[in-house]
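These notes are about the structure you will find just below.
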Amino acid sequence: MAASGQGEKRSAEEAAGEDPVLSLLDVLEEDDALEDEACAVLGGSDAEKCSYPEGYVKRQALYACNTCSPRSQEPAGICLACTYKCHEGHQLYELYTKRNFRCDCGNAKFKQMECKLFPEKENLNTGNKYNENFFGLYCTCKRPYPDPEDETPDEMIQCIVCEDWFHARHLGAVPPEHLEYQEMVCQCCMDRCSFLWAYSSKIGVPAVTKITPAEVEEDVKVDDCPVETTKAQNGPCTKSEDVKEEQTAPSTSCDQKPVNGDASNSIKTEMKSEVKSCRLQEYQEHQKPRANTATYWPSNWRSKLCRCDQCMKMYADLEVLFLLDENDTVQAYENKGKSEEAQESRDPLMTALSTMNRIQQVELISEYNDLKTELTDYLKKFAEEGKVVQTQDIQKFFEDLRSRKRQRLDGMQYYCS
C-alpha cells in the first residue's frame with residue numbers, strides 16, 4: 001500500500017509539471033525491485049561457466065543465437081555464460097527458461113564453431129526439445145516479440161506444458177488478475193492432456209470472460225445417469241456400461257439367501273472404494289463441458305493431482321510427469337535466483353552511505369540518480385528494439401559517461417581559471 005501511495009504522489013507531481021521528489025528510501029526500494037527482477041529472470045544461472053557439464057538442467061536461463069543458427073538451420077539453445085563468451089555481439093533471442101535442457105553451444109548444430117568454455121561436447125543433445133521460440137517466433141500467430149508490426153498493447157504468458165509464449169488475447173479467454181493465478185495451460189496442451197479439464201472444473205482459476213465461443217461439433221445428449229468415457233491416453237475411464245451394471249444392485253426376491261445379498265453388497269463396497277482411490281475419476285464425475293480456451297491455475301494445484309498407479313502411467317505416456325514436481329514451476333525457478341542473490345554480501349551503496357556525513361550522502365544520491373536515469377534511458381532502447389544487451393554495450397555506456405564527465409570537469413577548470 002505504501003508503494004502504491006508513493007506512485008500516486010509521483011504521478012500527481014508529474015501531472016502538475018513538478019519534478020518528482022524521491023527520498024533515499026524510494027531510490028533504494030526501486031533499485032532493489034529491479035535487481036530482484038533481474039535475479040528472478042536468470043534464476044541463479046552461472047554467468048561464468050557453461051552449464052553443459054551439469055547435464056539436462058531442470059531449469060536455466062536460455063537463449064538462441066540467430067547469427068549462428070538462423071531459421072534455415074536446426075534450432076539450438078545456449079546457456080547464459082555462452083552468450084557472453086562465445087556469442088558476444090551476435091543477434092540473440094532471450095527464451096527466459098526451458099526445462100530439462102542441455103547447452104548446445106559448439107556442438108554439431110554450430111558446424112565449425114567451438115564452445116570456448118567447454119569444447120568437449122557430444123554432437124547432439126537428444127533429450128532437448130525445441131519449438132518456434134528458438135527462431136524468435138511465439139504464440140499461435142507465430143510472430144516475433146516485440147512485434148514491430150503489432151501496435152496492440154498486450155502481455156505474453158508462458159504455457160507450463162509446451163513452454164511456448166502466447167499473447168493474452170490469443171488464449172480464448174481473458175486471463176484472471178495476476179495475483180489470482182500462477183500458471184497457464186494453452187488450448188493445444190489442454191486438448192493433448194484432456195484429463196486436466198476435470199481438475200480445471202474443480203481447482204482451476206476461472207477466466208474473466210470468454211472471448212470466442214467454444215466450437216460445438218455435435219449435439220450432446222444428457223441422460224439422467226450420464227456415462228462418461230475418456231480415451232486411454234487422456235486418463236482412466238470414469239464409468240463404463242459394464243461397471244455401471246455391476247454397481248447397480250440386483251433386484252431382491254424372497255427366495256434369495258442373505259449370503260448372496262451380503263456378497264453383492266461386498267462387491268459394490270469394494271468397487272466404490274477402488275473408484276474413490278482415484279481423485280481424477282471423482283473429479284470427472286462432476287466435470288464441466290470443455291471449452292476452446294486456455295486454463296489458469298493457482299499456486300498449489302500440482303499437489304492436488306492424483307498419484308494412483310493408473311494416473312502415474314498416464315502422466316508417463318503423455319510425458320508430463322514434471323507436473324508432479326513443485327520445483328519445476330517458474331515461481332520456484334525465480335525464487336532460486338532471488339535466494340542466491342540474497343546470500344551475497346550487503347549492498348555496497350548502503351555500506352558506503354553508512355560511512356558518510358549528510359552532505360556526502362546527498363551528493364552520492366544525486367550522482368546515483370543521474371547514473372540510474374541515463375542507464376535506464378540507454379537500456380530502454382534495447383528493450384524497444386527487442387535486442388539482448390551485450391558486454392560491449394555496457395562498456396560503451398560507461399566509456400561515454402566517463403568522457404562526458406571529463407568534458408564537464410575540463411569546462412569547470414577552464415571557467416575557474
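A quick note: this is a predicted structure, and the numbers were derived from the prediction, not measured. No hydrogens, no waters, no symmetry mates; every other heavy atom, side chains included, goes into these values.
- Remark: Arg143 is not positioned above the aromatic ring of Tyr138, lacking an NZ or CZ atom under 6.0 angstrom from the ring centre and at most 45 degrees off the axis.
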> Does the salt bridge (charged side-chain N to carboxylate O under 4.0 Å, His left out) test come out yes or no for Lys121 and Asp104, once each step is laid out?
Replying inline: CA-CA 8 Å; Lys121 294 181 178 178; Asp104 284 323; over 6 Å; no
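- Look at Arg192 and Glu319 and you find no salt bridge, because none of the NZ, NE, NH1 or NH2 atoms lies under 4.0 Å from a carboxylate O.
- A cation-pi arrangement, defined by a distance under 6.0 Å to the six-membered ring centre and an angle within 45 degrees of its axis, is present between Lys109 and Tyr130.
- Using a cut-off of 4.0 Å between Lys/Arg side-chain N and Asp/Glu carboxylate O, Glu155 and Arg169 are scored as not salt-bridged.
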>> Please evaluate residues Glu183 and Arg302 with respect to the criterion salt bridge (charged side-chain N to carboxylate O under 4.0 Å, His left out), reporting the C-alpha separation (whole Å), side-chain torsions for both, the decisive distance (0.1 Å), and the verdict.
In response: CA-CA 10 Å; Glu183 297 184 302; Arg302 296 188 183 213; 2.8 Å; yes
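- Remark: Gln73 CD is packed, more than 12 non-hydrogen atoms of other residues, nucleotides or ligands lying under 6.0 Å away.
- For the residue pair Asp191 / Gln187, no side-chain donor-acceptor distance below 3.5 Å is found, with atom types taken as modelled.
- Between Phe134 and Phe101, the ring center distance clears the sub-6.0 Å criterion.
- Side chain of Asn133 to main chain of Leu137: a donor-acceptor pair is present (N/O by atom type, distance under 3.5 Å, no hydrogens or angles).
- A donor-acceptor contact under 3.5 angstrom links the side chains of Ser51 and Gln60, judged on distance only.
- For the pair Glu54/Cys103, no side-chain contact is recorded, criterion being any heavy-atom separation below 4.5 Å from C-beta on.
- Using a distance-only test at 3.5 Å, with no hydrogens or angles considered, a donor-acceptor pair links the side chain of Tyr56 to the main chain of Gly127.
- In summary, the aromatic rings of Tyr93 and Phe135 are positioned with their centroids too far apart to meet the 6.0 Å limit.
- Here the two rings, on Tyr63 and His90, have centers that are 6.0 Å apart or farther.
- A salt bridge links Asp325 with Lys58: the distance from a Lys NZ or Arg NE/NH1/NH2 to an Asp or Glu carboxylate oxygen falls below 4.0 Å.
- Residue Glu122 qualifies as open at atom CD: its count of foreign heavy atoms under 6.0 Å is 12 or below.
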> Can Lys313 and Asp309 be said to form a salt bridge (charged side-chain N to carboxylate O under 4.0 Å, His left out), step by step?
Replying inline: CA-CA 6 Å; Lys313 182 179 183 303; Asp309 293 341; over 6 Å; no
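- Listed by chain and residue number, Glu163, Asp328 satisfy the salt bridge (charged side-chain N to carboxylate O under 4.0 Å, His left out) test with Arg99 (two or more places apart in sequence, or in another chain).
- Trp297 and Thr295 form a side-chain donor-acceptor contact under 3.5 Å, judged by distance and modelled atom types alone.
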